[in-house]
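Worksheet: one structure, shown below.
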There are 2 protein chains.
Amino acid sequence: MAPERDIPDATVARLPVYRRTLVGLAAAGETTVSSARLAELAGVNAAKVRKDLSRLGTYGVRGVGYEVENLLMQIGEVLGVNVDAPVVIVGMGNLGQALARYGGFSTRGFRVVALTDSDPKKIGKKFAGLTIQHQDDLPKIAKDLDISVGIITTPAEAAQQVADELVAVGVGSILNFAPTVLNVPAHIPIRKVDLATELQILGYYQHRAS
Amino acid sequence: MAPERDIPDATVARLPVYRRTLVGLAAAGETTVSSARLAELAGVNAAKVRKDLSRLGTYGVRGVGYEVENLLMQIGEVLGVNVDAPVVIVGMGNLGQALARYGGFSTRGFRVVALTDSDPKKIGKKFAGLTIQHQDDLPKIAKDLDISVGIITTPAEAAQQVADELVAVGVGSILNFAPTVLNVPAHIPIRKVDLATELQILGYYQHRAS
DNA sequence: CCCTGTGAAGCAGTTCACAGCG
DNA sequence: CGCTGTGAACTGCTTCACAGGG
């Protein structure tokens with residue numbers, strides 16, 4: 001009943017895109033979709049869609065396509081979007097504040113339940129219904145709220161320390177917005193979102209083109 | 001004198017990380033660095049560092065390593081960080097505001113010179129010394145300021161339209177924060193930063209681990 | 001003797017092309 | 001007859017391992 005194990009990283013990275021596309025199709029009242037159409041909407045190639053979906057153990061209907069609702073359910077299960085994982089955001093600067101107000105968490109299986117910072121001037125302020133707490137209280141917060149995901153939006157200098165603290169209190173995965181490479185134990189999944197890096201990559205291609 | 005052409009995508013994506021690491025080493029007064037040390041700091045494998053750097057036409061010194069300043073200069077040139085490309089941010093919601101205040105652009109070859117939105121209530125407000133202008137004025141703004149990069153921070157529904165407008169006014173590359181796949185002409189480099197996708201990918205790995 | 005540069009091997013992901021089912 | 005599922009070929013990236021220069 002659980003879907004196939006060991007889905008390739010490249011496939012996992014595309015599943016959220018398929019999911020978003022399928023949500024749109026469902027909202028538009030579509031009940032089935034072919035790999036060709038899904039591929040077009042998701043910006044990939046049709047063979048890739050079929051190979052990716054076959055990894056889920058999903059079976060489409062030959063001659064017809066895939067059932068939208070069924071596919072949504074299966075992808076949702078693989079990604080764990082029904083889990084409602086408690087999230088803490090560490091670092092309430094510009095970006096932390098923007099994320100605290102971001103509305104996209106709940107429909108993706110995450111719920112921001114705590115905000116922390118180490119600047120005493122910020123403690124007690126409220127964002128999106130949550131009060132900023134001191135980073136030193138993380139152990140208690142993590143225990144009380146059973147935090148499973150940490151989002152790091154501190155300056156680069158503080159990020160490794162924060163990552164260590166998150167790991168120490170038992171957080172299960174980390175999303176890092178600080179522009180630095182973090183060392184965490186191999187069993188903790190970590191992903192980074194790095195604006196400066198993305199811009200510089202663009203810089204290369206633009207530079208080349210001219 | 002220009003570095004080698006045709007650097008693989010995977011290498012390009014790592015250059016900003018090497019650059020950041022080298023900036024740190026330079027600040028710490030280091031003048032040379034071995035591939036092993038650079039690899040450790042950048043979180044990759046030493047052979048990869050050597051192969052990547054060899055693509056730049058850079059030559060390290062056998063038995064010693066690479067000269068930090070020289071390497072920085074070469075990577076900077078490849079990435080075009082001295083270009084100071086004018087950037088417009090389209091969509092001044094939470095994220096757009098956070099990016100407008102973000103300080104990391106200038107040292108990476110980018111300068112935010114304009115902010116736009118389509119909500120009349122936001123026009124005229126100021127962020128980081130810039131006044132929000134109406135998105136309808138984009139053609140004039142782009143012409144006057146010679147905009148070369150567009151950052152899209154609108155809701156998903158508006159993003160394709162905005163992308164079309166950016167392409168129409170001659171923007172050379174696009175960074176998309178909206179959670180949707182954008183269609184742009186093949187010659188326009190585009191990258192996406194997608195928080196919801198990253199979270200869902202984490203969701204998969206965390207889910208799997210338990 | 002250390003550390004780079006690089007052929008060669010290995011691996012992962014993509015794309016092709018078609019058999020086979022509804 | 002259309003569209004899925006998938007072997008097989010292919011492409012690109014990573015890693016190994018070592019020759020060779022300083």
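A note on names: the letters A, B, ... follow the listed sequences, proteins ahead of strands, and every chain is numbered from 1. Any value given below was found using the heavy atoms of this structure, including those in side chains, with hydrogens, waters and symmetry copies removed.
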Nearest-Å distance for atom pair CD/C1', residues Glu67(B) and dG22(D): 15 Å

With no angle test and no hydrogens, is the base of dG5(D) tied to the side chain of Arg50(A) by a donor-acceptor pair under 3.5 Å? yes

When all nucleic acid strands are considered with a 4.0 Å heavy-atom cut-off, which category describes Arg37(A): base, sugar-phosphate, or nothing? nothing

Does the Thr21(B) side chain pair with the main chain of Val17(B), one donor and one acceptor, at a distance under 3.5 Å? yes

For Gln133(B) and Thr116(B), test the side chains for any donor-to-acceptor distance below 3.5 angstrom and give the result as yes or no. no

Think Arg55(A) has a side-chain N or O under 4.0 angstrom from the OP1 or OP2 of dG13(C)? no

OP1, OP2 of dC3(D) versus side-chain N and O of Ser34(A): anything below 4.0 Å? no

Rounded to whole angstrom units, what separation is found between the NZ atom of Lys48(B) and the P atom of dC11(C)? 15 Å

Looking at every strand, decide which applies to Thr58(B) at a 4.0 Å heavy-atom threshold: base, sugar-phosphate, or nothing. sugar-phosphate

Measure distances between side-chain N and O atoms of Lys51(B) and base N and O atoms of dT6(C), and say whether any donor-acceptor pair falls under 3.5 Å. no

Between Ile152(A) and the options Val88(A), Leu175(A), Leu182(A), Thr180(A), the side-chain contact (heavy atoms from CB on, under 4.5 Å) test singles out Leu182(A)

With no hydrogens and no angle check, is any side-chain donor or acceptor of Gln200(B) less than 3.5 Å from a backbone partner on Ala196(B)? yes

Between Pro8(A) and Val64(A), just flag the one whose closest nucleotide in DNA chain C comes earlier from the 5' side. Pro8(A)

Between atom CZ in Arg14(B) and atom P in dT15(D), what is the gap in whole Å? 9 Å

Atom CG of Asn45(B) to atom C1' of dT6(C): distance rounded to whole Å? 14 Å

Take the protein atom OH of Tyr59(B) and the nucleotide atom C1' of dG20(D), then report the distance between them rounded to whole Å. 15 Å

Over how many whole Å does the gap from Leu56(A) atom CG to dT6(D) atom C1' extend? 15 Å

Strictly below 4.0 Å, N to O, side chains only: are Asp194(B) and Arg20(A) in salt-bridge contact? yes

Starting from C1' on dT14(C), measure out to CG on Asp9(B) and report it in whole angstrom. 14 Å

In whole angstrom, give the distance that lies between atom CG of Asn70(A) and atom P of dT4(D). 14 Å

Between Arg62(B) and dC18(D), does any side-chain N or O lie under 4.0 Å from OP1 or OP2? no

Closest to side chain of Val61(A), choosing from dT14(C), dG5(C), dG22(C): dG22(C)

